[in-house]
Each structure stands twice: as structure tokens, then as C-alpha cells.
Amino acid sequence: MQSKEVAKIFSEIAQILELKGENPFRVRAYERAARTIEDLGEKLKVIADQDKLTTLPGIGADLAEKIKEMLKTGSLKYYQQLKKEIPSGLFDMLKIQGLGPKTVKLIYDKLGIDTIESLKKAIDAGKLNQIEGIREKTQENILRGIEFIKKSKEHFSFYEANKVAEKFIEKIKKFKGVKKIELAGSLRRKKSEVKDIDILAISKNPESVMDKFTKLDLADDVLAKGPTKSSIIAKENNIQVDLRVLDEKSFGSAMVYFTGSKDFNVRLRQLAIKKGYKINEYGVFDVASSKKEKLLAAGTEREIFSLMKLDYIPAELREDRGEIEAAKKGGLPKLIEKKDIKGDLHVHSKYSDGKESIEEIAKAAKRRGYDYIGISDHSQSLKIASGLSIKELHKKIEEVKKINKKLPGIKVLCGTEADILMDGSIDYPDSVLKELDYVIAAIHSGFKQSKEQITKRIIKACKNKYVNIIAHPTGILQGIRDAYQVDLEKIYQAASDFNVALEINCHPQRMDLSDLRVMEAKSKKAKLFLGTDSHTLEQLDFIELGINISRRGWLTKKDVINCFKTDELKKWLKK
DNA sequence: GCCGTTTTCGGCCCGACTGTTTTCAGTCG
């Protein structure tokens, strides 16, 4: 059984227990365990084999046994029993906005309704009026929630959500009396996938801000509107936007509260309790020493962290993945920043399927302040993307030499994105590869091969003395094609052993190597590389999406080869 | 169900908004 399934079963158990009205803390224990396991990925098996499951946060003796049972037998008796008690359609009903476990259970108990479709029919037929406590408004909301599920998505990419968020911020910024406006929530944490958009505004007149916000052209539907907090559904993408308004004096505590993940906030508040404090969006309060709560800090995030005896934790790390412990000990990494990026190496030119000439790309890179830019066109067997024959490649090498002579201030490197063939060999012979400044190797065929075969192919490519980078190591195309089967643990090790960098592909359609995978690669001492996979000049901007992932993956300048200065990089490329 | 420089039992983050209520439970983040 895969770790993902183990996590899914725990989170379903949590839902069943919630529907049954069990102890909410027990429910939370299952939810937390599910998240822990989800974060771990396939490392779960290693930890289980070492019999160290109970060292994981939120996993005690009981859940450890359940995990072992699932890994060993592929199922869980306790779960099978629970499942009999609750029809699976109730899980779907829980996805309806505003409809929680209590109401779902009530409707099921009274009317036997156990699917979204039958719920809709029952409302249309007026049957829900029989249930005490469910009147007209609630029914309207349920119907609206059902419609919303049909037209919206559960997740949005950072890229698409951020574009919508920028439009809202532009508008809200102009409201009278808005002093500050900041993006918060998962977008501020730069998560690759987000569920909604959270915005924080500072104003002395929150009601008027709420009025204008809920009446914006950009808004389709108003989910909730209060004096300090409102939620709307944006017309674009049907994504939910939450706006919270607070006074300037609580700006710091509001940002902390509105930025951290659920788990991070819980951990921070628990830490506060231990110190005799209370943290909420209005500040940190001393509740232990005197009868009256005393405000200790609220103005800036730094004040809050310093009061908690923590180093400042960058927004991207606020996930409860060990950053609080690290901040206590002064052990947080110095995360990479945009200014640390010296260049890009995964760029396609007109030679293959890119839009611009090498010279145009070089000039654009110079404008961006890069020290170098590498041009990596496809290799001969990738005919569909106009892969270069050896003859064409030689022509390209000559052109790069000429451009380097005439264009000062930027170094152009001549590379290739060569295919890893079915047997793991590279699509150009070594005699050709050695003429290039660097080699990116990638899988573009044989996606259906077994996990062992693909893993073997990539490891063989790593062993080639001219291969410097493995591009898009999982082959995923977001929403179009699943990742191929590959044993990433082994790839991290091979990359580390043979001095090959693994690509964080920055293209929004690819986004290979998530933050968590990046952390794993780093733990094996593998180097990472940010590649935009640009086919147009605008796409060079995708580097920022890669920086987001790197920061969330705790990467520093030393971990990312794009941060090497030209000489340093050249030396590294020589393996 | 987890967890312990106050605890091995008794806690477990905190507050806004809604709908249906006459003071609050349910839901959400």
C-alpha cells in the first residue's frame, strides 16, 4: 500500500468519526496523522521498517499499529468496520460549502439522504422543511453550494490564483481609508496549490471596506459579509476570496494569524500557552500574570516572533514542518532570493521549438541582470520538438561563440536537453556531448515503462560523465499527464553520488519536484537546479515559481546551481 | 488519539460569521 493511501484512509476515518459525533480531538488526531503521512511520502515505509513510527509527530502507539497493519496487509480492519456504518455519499455531501458533519448526519438520520443528487431532489420537493433547525436560508445555501461544486475546482495553481489575487489587491488598494493591503494565507506562503485567496487590509473604517469589497465587479457571489471579514466568489476561476480588515496596531499579529497554515498556527498558540500568553489576530497577550489581559506585542511580525523567543520565520516555511523547532535554536536556513539567481540553463531557442533566436534570448537575460544564460535545445530523436541533428548542433555551437564575442556583459552557454533513450543512454554520443558547455538529460519517451526500468534509465544517465542536470525528473504535466513511475529516493542518491543536479522545473504546466521532494533531495545532499523550460522570452519569468518552491523546500544558495557565479558553475559542470 | 522542564490523566488554538434561535451551535479558516 502506498503512503498516499494510508493518509487517505486516516482522513476518511476522521470524517466518519466526525459524522458519528465522536470526540473532536480524536478526529483531529486522525487528521493530523493523515497530514504527517502525506508530507512524508514514501519515507513512511523506511520509518516503519525501522520501527520508529511513534517518533513522528501525532503518531502514537495506536496509530503506529494501524499504519503497520496497512503496510503489511494492504487494508485496515478498523476502517472496514467503520465504513459499513456510513454511506460513502456522505463524504461528498461534506464537500458542500457551509454543510458540516452535524447537518449532514442530521439530514441522513431524518430522511435517509446519502448522496448530493438525492439531497438536491429533496430540497426541490420541500422535504427538508420537515427537519427542525433547517429553514429556507440553509436550503438556499445548500443548493448554492451544490452548484458551486459543479463549476469550481478544489485546487488552483499558485500561478492562476496569484493572477486573480493581484487584480483584487489593485482594486482594494484604491478604496478610501485603506492604509495597507497584503496578500496572506497560502498564497503568501507560496504554496504551489491553493484553495482560496486570503487578503488582509488595514483600515479605520472596516464596514465601508466590506461594503465595497462585496460589491466589486470582480465578485460573483457573496458567501459571508460581516463588519471585519467577508468572503466572496470571484468571477474569474470561481475562486473564493476572503478579506479581513483590522486596525493598524494589530498589523503584525494579523499577518501572523492570517499567514500560517492551520498546523503552524496551532503550534504557535500552544507555544504561547506554555509561556502564559495567548495569541490571536489582535496580538500576544499576557494572561497568566494579572487578572486583566495585557497586550505585549501586535504591531509587527518580528515583535511577535521575538516575544515567542523564535527567530523570524519566513512566510514560506510556516507549515509546521520543523521550522518552529529550528527557529528556537537559531537553525533556520538562509533561504534563496531572487537576487541570488545568476542565470538560467533550460531555455529553448529557434533552433528547436523555442520562439526566439539565441541573440534575443541572450539580450533578454542580460536585461534581467543574469551573469549567464544557457541555451538547451532538444536532441536529434525528439523530432516532434525539432530536435537538432549533430550537424545543426555544430552550427549552433559556432553561433554561440560569435554571440559571446559581440555581446559583452552576458555569457552564453551552449547546452542541450538531450533525450535519455530507452536503454538509458544519451541521444548524442560522448564525442558530441563533450563539445557542449553542459548537458541536460530528460525522459521524453517510454513513460509506460516499469518503475524499475525508468529509475534504471535515469541512474544510468546520471552516471554519464557529461550529464549535469536531469530535467523534469517525474515527467508530470499538471492536469494533463501523470508522473511516470520512478523511485525518486534512488534518483536523489544517484544525483548526489554522480554530481548531477535535479531540476525544479518552473514551468506552471510541469512544476516537477514539489517543496517536499526538494527537501528530500536536499537531505540526500543532491544539488537542485531551477529551469524555466522557456520557449518564449516571457517564460523566463517562471523562475519566480521555482524560487517559491525552493524557498518552501528550505533551499539556500549552496543548494541551487543557478546561484553559482559563472566560474563556479563552469567548474561544477566539469563534474 | 496524542502528549508531558507543572501533567501518565486531563487537557487539547482562537475567533468571525450565519441561521435559527432568544443565547448559541455549526461551520470555517
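The structure displayed is predicted, hence computed values, not measured ones. Letters A, B, ... mirror the listed sequences (proteins, then strands); counts begin at 1. Hydrogens, waters and symmetry mates play no part in the numbers below; they use all other heavy atoms, side chains included.
- When both pairing distances are held under 3.5 Å, dT8(B) makes no Watson-Crick or G-U pair with any nucleotide shown.
- For a distance-only test at 3.5 Å, the side chain of D196(A) fails to qualify as a donor-acceptor partner of the base of dG29(B).
- Within the 4.0 angstrom heavy-atom criterion, no nucleotide atom of any strand lies near K274(A).
- Using the six-membered ring where Trp is involved, F10(A) and Y30(A) have ring planes that are perpendicular, over 60° apart on the 30 and 60° scheme.
- Atom NZ of K262(A) is separated from atom P of dA16(B) by 16 Å (rounded to the nearest Å).
- Formation of a donor-acceptor pair under 3.5 Å by the H472(A) side chain with backbone atoms of T474(A) is not found in this model.
- Nucleotides dT6(B) and dG11(B) place their C1' atoms 13 Å apart, quoted to the nearest Å.
- Residue N141(A) is in sugar-phosphate contact alone, with no base atom involved, counting any heavy-atom pair closer than 4.0 Å across all strands shown.
- Of the candidate nucleotides dG26(B), dG1(B), dA16(B), dG26(B) has the atom lying nearest to any side-chain atom of T103(A).
- No contact: S230(A) has no heavy atom under 4.0 Å from any strand.
- Between L119(A) and V104(A) there is no side-chain heavy-atom pair separated by less than 4.5 Å.
- Considering R318(A), E325(A), E319(A) as possible partners of R321(A), the one that fulfils the side chain to side chain contact (heavy atoms under 4.5 Å, CB included) test is E319(A).
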